[in-house]
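Report on the following structure.
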Amino acid sequence: VYYTAKSTKVEERLLNFSLKIHLLSTLKKDFKIIVKNFIELMHIESFKAAIFSLILYTLGYVTITSLLPAYYATLFGKDAGVIVGNCLALIGISSIVPRIFTGKISKHFSVKKIAAVGLFVLSISIALIGLYSFPPTVYIFCFSAGLGLGFVIPSLQIMALIDTGNSKKG
């Protein structure tokens, strides 16, 4: 739409209002499609298991990344950043190798079993981090949490996508 020099504020407001209505109607349609597809996916057992597991994983991740730094700040003061940085680096580094091999392992073992083992290792590691939170023992548990994480994320992605149709994969 091109404006002429004779355009008025009223015309501009009407145009902006009509554009907003069009945008909102488009977003409403898109949201309905997303909700409809999500409801369809919730009928697939592997997708439900993957969603539930991702919720558990998110709770564990939030615990480590937000509560652990606050806990160490009360214990160690200025040195807390170094300890938390080491913990998060160990988790990230140790999760790389299992992420690479989870696809190959899934050809020999069930994806659900791999995800269950990964969640078990991750949850035990998080529990042990809560019990033995002083360095250097916390570094061992962070390393094992990273290993569990490396198995969990790719296997949950495979579980969520394995039985879905191509039109819902994005």
Side-chain angles (χ1 to χ4, degrees), residues 30-31 33-170:
D30 291 344
F31 184 71
I33 292 170
I34 291 170
V35 169
K36 180 182 155 245
N37 287 338
F38 184 76
I39 290 170
E40 288 177 15
L41 288 172
M42 288 305 287
H43 295 293
I44 301 171
E45 291 299 320
S46 61
F47 186 80
K48 277 194 268 188
I51 290 292
F52 179 70
S53 300
L54 282 172
I55 290 170
L56 291 177
Y57 157 72
T58 303
L59 291 174
Y61 186 77
V62 166
T63 301
I64 289 177
T65 58
S66 61
L67 298 179
L68 195 63
Y71 176 66
Y72 282 145
T74 60
L75 291 178
F76 301 111
K78 294 179 182 177
D79 295 332
V82 174
I83 297 168
V84 172
N86 290 339
C87 289
L88 295 177
L90 279 170
I91 290 171
I93 290 170
S94 64
S95 72
I96 292 173
V97 173
R99 286 176 190 249
I100 294 169
F101 293 109
T102 300
K104 294 177 183 177
I105 294 171
S106 68
K107 294 177 184 174
H108 303 290
F109 297 102
S110 167
V111 179
K112 290 181 181 180
K113 289 181 183 177
I114 297 170
V117 168
L119 274 175
F120 178 75
V121 170
L122 183 62
S123 59
I124 293 296
S125 299
I126 289 173
L128 290 172
I129 289 171
L131 293 175
Y132 304 102
S133 56
F134 292 102
T137 55
V138 73
Y139 297 143
I140 296 168
F141 303 132
C142 286
F143 185 82
S144 64
L147 290 176
L149 182 67
F151 286 115
V152 166
I153 297 301
S155 59
L156 291 180
Q157 289 172 341
I158 293 169
M159 280 176 56
L161 296 176
I162 200 162
D163 293 330
T164 59
N166 286 336
S167 65
K168 292 180 181 62
K169 288 184 182 177

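Keep in mind that this is a model prediction, so the values were computed, not measured. For reference, positions follow the sequence shown, starting with 1.
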Rounded to the nearest 0.5 Å, what separation is found between the [atom1] atom of [X] and the [atom2] atom of [Y]?
{"X": "Leu147", "Y": "Cys142", "atom1": "CG", "atom2": "SG", "value": "11.5 Å"}
{"X": "Lys48", "Y": "Met159", "atom1": "NZ", "atom2": "CE", "value": "12.0 Å"}
{"X": "Ser94", "Y": "Leu149", "atom1": "OG", "atom2": "CG", "value": "8.0 Å"}
{"X": "Leu41", "Y": "Lys36", "atom1": "CG", "atom2": "NZ", "value": "10.5 Å"}
{"X": "Leu54", "Y": "Ile153", "atom1": "CG", "atom2": "CD1", "value": "6.0 Å"}

How close do Gly92 and Ser95 get, counting heavy atoms only, and between which atoms? O-OG, 2.9 Å
Looking at Ser155 and Thr102, what are the two nearest heavy atoms and their distance? N-CG2, 4.0 Å
Show the atom names and distances, to 0.1 Å, of all donor-acceptor pairs under 3.5 Å that link a side chain in residues 110-136 to residues at least two apart or in another chain.
unit_1 : atom_1 : unit_2 : atom_2 : d
Ser110 : OG     : Lys112 : N      : 3.2
Ser123 : OG     : Leu119 : O      : 2.9
Ser123 : OG     : Phe120 : O      : 3.1
Ser125 : OG     : Val121 : O      : 2.7
Ser125 : OG     : Ser144 : OG     : 2.7
Ser125 : OG     : Ala145 : N      : 3.3
Ser133 : OG     : Tyr71  : OH     : 3.4

N/O donor-acceptor pairs under 3.5 Å from side chains in residues 78-90, not counting sequence neighbours:
unit_1 : atom_1 : unit_2 : atom_2 : d
Asn86  : ND2    : Val82  : O      : 3.3
Asn86  : ND2    : Tyr139 : OH     : 3.2

Are any of the side-chain heavy atoms of Asn37 and Glu40 separated by less than 4.5 Å? yes
